A.B. asks: 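My questions will all concern the structure given below.
Just so it is clear: chains get the letters A, B, ... in the order the sequence lines come, proteins before strands, and each one is counted from 1. Note: hydrogens, waters and symmetry copies are ignored here, and every other heavy atom, side chains too, is used. Since the structure is predicted, the reported quantities are computational estimates derived from the model, not experimental observations.
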2 protein chains.
Amino acid sequence: MFAVTADLVVLTIRSDRLCVLLVRRGEEPYRDEWALPGGFVRPDEDLDAAAARELAEETGLAVGTVHLEQLGSYGAPGRDPRQRVVTVAYLALAPDLPAPEAGTDAAFAEWVAVGAVGSLAFDHEVILGDGVERARAKLEYTPLATAFCGAEFTVAELRRVYELVWGKELDPRNFHRKVTGAADLLVPTGTTTTRDGGRPARLYRRGAAVALHPPMPRSG
Amino acid sequence: MFAVTADLVVLTIRSDRLCVLLVRRGEEPYRDEWALPGGFVRPDEDLDAAAARELAEETGLAVGTVHLEQLGSYGAPGRDPRQRVVTVAYLALAPDLPAPEAGTDAAFAEWVAVGAVGSLAFDHEVILGDGVERARAKLEYTPLATAFCGAEFTVAELRRVYELVWGKELDPRNFHRKVTGAADLLVPTGTTTTRDGGRPARLYRRGAAVALHPPMPRSG
DNA sequence: ACAAAAGTGTTGGTTTTACACCCATGG
DNA sequence: CCATGGGTGTAAAACCAACACTTTTGT
C-alpha cells in the first residue's frame with residue numbers, strides 16, 4: 001500500500017528569468033525547507049484532476065489558462081521518511097501571473113529563479129531538473145513556448161521565452177520569419193503595441209498548431 | 001492508500017511486424033483476457049526496479065539487453081474494479097527474442113502484432129497506444145531504433161525497423177548515407193554478412209550517441 | 001551471366017544562416 | 001533628428017529527395 005501525491009513543477013517567466021513556484025513546508029518532514037507544491041491524490045480523484053486541483057489551489061489558475069502535462073513518477077523507497085509515497089509529477093507552464101499568491105492554501109508560495117534554487121525537500125531537485133529539461137526539449141518541436149506568454153503577445157516576447165529557457169540568443173530576424181511562417185502557430189489580432197519600445201509590433205494569439213514544423217533549431 | 005503496479009509495453013520486431021508482448025490473465029478481474037504484463041511494486045522496491053524485475057520474469061531478459069524507460073502513470077478511479085490502483089507504465093524495446101517464454105512466471109505470454117491487438121483488460125489499450133506513439137516519436141530524434149536490433153546489425157536491418165514502426169518506406173540509399181554519417185551512432189565491426197542476400201553488408205554495433213543529429217525525417 | 005542487395009555520386013530544389021537594409025514609433 | 005526595436009530581402013552554405021550508377025555476393 002502506497003500513498004500517492006501529485007507534485008507540480010510550475011514554470012513561468014518573471015522579470016526576464018525562468019522561475020519555478022516553490023513552497024515553504026509547514027510540516028515535518030523537511031519542515032521550513034523549500035519544496036515543489038503538491039499534495040495527496042484523493043481516493044476518488046484521477047491523477048490529472050489532482051494535479052489540476054493542486055495547481056488551482058496554489059496559483060488560483062484554472063486549467064485552460066496554463067499548460068499542464070504529466071512529467072513522470074518517482075517512487076524510490078525512502079524518498080519520504082514517513083511512509084512509502086509515489087509522486088506523480090506534473091509540469092505546468094504559465095504566463096507571468098499578475099498577483100502573488102495570498103490568502104490561499106499556500107501562503108508561503110514564491111517564485112524562485114531556476115538558476116537560484118538551492119536544495120529542495122525529498123527528491124524534488126531531481127524532479128525540477130527533469131521538468132526544466134522537458135520544457136527545453138518541447139520548445140523545439142511544439143508550440144509550447146506560447147504557454148509562457150499572455151493571451152496576446154508579440155514575436156519578440158515569444159523569442160524572449162526561447163532565449164531565457166534555452167539560455168541562448170536567437171537572431172530576431174530569422175526567428176520572426178520562422179514563427180510567422182509556421183502554419184497555424186500564430187493568429188494575428190490586427191492590433192499592435194509599442195510596449196517593447198521602437199516600432200509598433202503586431203500582436204498575436206496562439207493558433208491551433210499542435211506541433212512546430214519545421215522545429216526551432218536549438219544548437220545549429 | 002493505493003496499490004501501485006508496474007506494467008510493461010514490450011515491443012519487438014518479429015517476422016517483419018511490430019509486436020507487443022501480451023499475457024492471458026489467469027485471475028479476476030478480466031480473467032482469460034489479454035493484458036499487458038506487469039505486477040505489483042514491492043514494498044521496498046523502486047519503480048524502475050519493479051519494471052526491470054517484471055521484464056526479467058516475463059521475458060528472461062536482463063536490463064542492458066533491452067531499452068527500458070518510464071512511459072507514464074495511469075490512475076483513473078475505477079480502472080481496476082477491485083481497488084484503487086495506480087499503474088506506472090514502462091516502455092521496453094527488445095530485439096527479436098530467440099526463445100518463446102516457457103516455464104517462466106508467465107507461461108501464457110505471447111507476441112501479438114500491434115495492428116492485430118483486440119481489446120485489452122483495464123485501460124491497457126490506451127497504454128499500448130501511448131507506448132507505440134512514444135516509440136514512433138523517439139525513432140525520429142534518438143538512436144532508439146538500434147534497441148530493436150541485435151548486438152550486430154546491418155544498415156538494412158536498421159532501416160527495416162524504421163519502416164515497420166512508421167509504416168512507411170524509406171529510400172535505402174539516402175537512409176544509408178544518413179545513419180553512417182551520424183556521429184557516434186554506428187560502430188563498424190569490420191565484418192560483413194550476406195544474411196540479407198546480395199552483396200555482403202557491413203555489420204555495425206550501437207555507438208555511444210544519445211541523440212540523432214540531424215533527426216530522421218519522418219513525413220518529409 | 002544474372003538477380004539481388006550494398007553502397008557511392010550527382011543534381012536540383014529547399015532550408016538555414018548571416019547580415020544588409022528599410023520601416024514606424026517615442027523622445 | 002536620433003535611438004530603438006519591428007520587419008523584409010538576399011546571397012552563400014548546408015541540407016534533402018530522387019535517382020543513375022557501380023560493387024559484390026549467391027545461384
Side-chain angles (χ1 to χ4, degrees), chain A residues 16 139-141 145-146 149-150 152-164 166 168-183 185-205 209 211-220, chain B residues 16 139-141 145-146 149-150 152-164 166 168-183 185-205 209 211-220:
Chain A
D16 232 34
L139 288 207
E140 211 164 337
Y141 55 95
T146 60
C149 299
E152 301 192 349
F153 52 90
T154 67
V155 170
E157 286 161 3
L158 185 63
R159 174 168 47 86
R160 201 79 195 107
V161 169
Y162 276 91
E163 293 181 337
L164 292 172
W166 283 354
K168 184 197 172 196
E169 305 242 307
L170 300 175
D171 185 303
R173 287 82 55 99
N174 293 335
F175 182 88
H176 185 279
R177 212 192 326 263
K178 185 123 201 164
V179 296
T180 53
L185 177 64
L186 301 178
V187 179
T189 65
T191 55
T192 62
T193 181
T194 58
R195 65 189 175 216
D196 299 325
R199 167 175 168 180
R202 294 201 258 267
L203 282 166
Y204 296 89
R205 260 189 269 275
L212 193 55
H213 282 306
M216 187 67 61
R218 189 166 166 184
S219 71
Chain B
D16 231 36
L139 287 207
E140 212 164 336
Y141 55 93
T146 60
C149 299
E152 301 192 349
F153 53 90
T154 68
V155 170
E157 287 160 3
L158 185 62
R159 174 168 48 85
R160 200 78 195 110
V161 170
Y162 277 91
E163 293 181 336
L164 292 172
W166 284 353
K168 184 198 172 196
E169 304 242 307
L170 300 175
D171 184 303
R173 286 81 55 98
N174 293 335
F175 182 89
H176 186 278
R177 211 193 326 265
K178 185 124 200 164
V179 296
T180 54
L185 178 64
L186 302 179
V187 179
T189 65
T191 56
T192 61
T193 182
T194 58
R195 63 189 175 215
D196 300 324
R199 167 174 168 180
R202 293 200 258 267
L203 282 166
Y204 295 89
R205 261 188 269 275
L212 194 54
H213 283 304
M216 187 68 60
R218 190 165 165 185
S219 70

A.B. asks: Let me test you: for the helix from C:dA1-D:dT27 to C:dG27-D:dC1, what is the angle between the axes at its two ends (five pairs each), rounded to 10 degrees?
C.D. replies: 0°
A.B. asks: Polar pairs (N or O, both sides) under 3.5 Å between protein and nucleotides 10-14 of chain C?
C.D. replies:
none

A.B. asks: Given atom CD of A:Glu157 and atom P of D:dG7, what is their separation to the nearest angstrom?
C.D. replies: 11 Å
A.B. asks: Compare all side-chain heavy atoms of B:Leu203 with those of B:Thr192 and state whether any distance is below 4.5 angstrom.
C.D. replies: no
A.B. asks: Tell me: OH of A:Tyr204 to P of D:dG6, nearest whole Å?
C.D. replies: 11 Å
A.B. asks: Once rounded to the nearest 0.5 Å, what's the spacing between atom OG1 of A:Thr189 and atom CZ of A:Phe153?
C.D. replies: 10.0 Å
A.B. asks: In Å and rounded to the nearest 0.5 Å, what is the CD to CD distance from A:Glu163 to A:Glu169?
C.D. replies: 5.0 Å
A.B. asks: Any base atoms under 4.0 Å from A:Arg195, or only sugar-phosphate, or nothing? Heavy atoms, all strands.
C.D. replies: nothing
A.B. asks: I need the minimum non-hydrogen distance between B:Leu212 and B:Ala182, along with the two atoms involved.
C.D. replies: CD1-CB, 4.1 Å
A.B. asks: Just to verify, what does B:Arg173 make a salt bridge (Lys or Arg N to Asp or Glu O under 4.0 Å) with, not counting sequence neighbours?
C.D. replies: B:Asp171
A.B. asks: In whole Å, I'd like the distance from the CG atom of B:Leu170 to the P atom of D:dA18.
C.D. replies: 11 Å
A.B. asks: Which atom pair, heavy atoms only, marks the closest approach of B:Arg159 to B:Leu170?
C.D. replies: CD-O, 4.1 Å
A.B. asks: Using a cut-off of under 3.5 Å, enumerate the N/O to N/O pairs linking the protein to nucleotides 11-16 of chain D.
C.D. replies:
residue	atom	partner	partner atom	Å
D:dC16	OP1	B:Lys178	NZ	3.4

A.B. asks: If I compare all heavy atoms of A:Leu158 with all of A:Val179, which pair ends up nearest, and what's the gap?
C.D. replies: CD2-CG1, 4.2 Å
A.B. asks: Rounded to the nearest angstrom, tell me the gap between atom CE in A:Met216 and atom C1' in C:dT15.
C.D. replies: 14 Å
A.B. asks: Once each nucleotide of nucleotides 21-27 of chain C is scored for protein heavy atoms under 4.0 Å, what B/S/- sequence comes out, 5' to 3'?
C.D. replies: B-BBS--
A.B. asks: Take the protein atom CG of A:Asp171 and the nucleotide atom P of D:dG5, then report the distance between them rounded to whole Å.
C.D. replies: 15 Å
A.B. asks: Quick one: A:Leu186 CG to D:dG7 P, roughly how many Å, whole number?
C.D. replies: 11 Å
A.B. asks: So do A:Thr180 and A:Tyr204 actually touch side chain to side chain, heavy atoms under 4.5 Å?
C.D. replies: yes
A.B. asks: OP1, OP2 of C:dG7 versus side-chain N and O of B:His176: anything below 4.0 Å?
C.D. replies: yes
A.B. asks: With rounding to the nearest 0.5 Å, note down the distance linking CG in B:Leu185 to OG1 in B:Thr146.
C.D. replies: 7.0 Å
A.B. asks: How many Å lie between CD on A:Glu169 and C1' on C:dT17, as a whole number?
C.D. replies: 16 Å
A.B. asks: Kindly compute the distance separating CG (B:Asn174) from CE (B:Met216), expressed to the nearest 0.5 Å.
C.D. replies: 10.5 Å
A.B. asks: I need the minimum non-hydrogen distance between A:Ala183 and A:Ala209, along with the two atoms involved.
C.D. replies: O-CB, 3.6 Å
A.B. asks: Scan for salt bridge (Lys or Arg N to Asp or Glu O under 4.0 Å) pairs involving residues 191-203 of chain A, sequence neighbours excluded, and state none if there are none.
C.D. replies: A:Glu157-A:Arg195
A.B. asks: For a side-chain contact (heavy atoms from CB on, under 4.5 Å) check, start with the C-alpha distance between B:Tyr162 and B:Arg218, then their side-chain angles and the critical distance, and finish with the verdict.
C.D. replies: CA-CA 9 Å; B:Tyr162 277 91; B:Arg218 190 165 165 185; over 6 Å; no
A.B. asks: Could you state the CG-P distance from B:Asp196 to D:dG26, rounded to the nearest angstrom?
C.D. replies: 13 Å
A.B. asks: Nearest 0.5 Å, what's the CZ-CD distance between A:Arg205 and A:Glu152?
C.D. replies: 4.5 Å
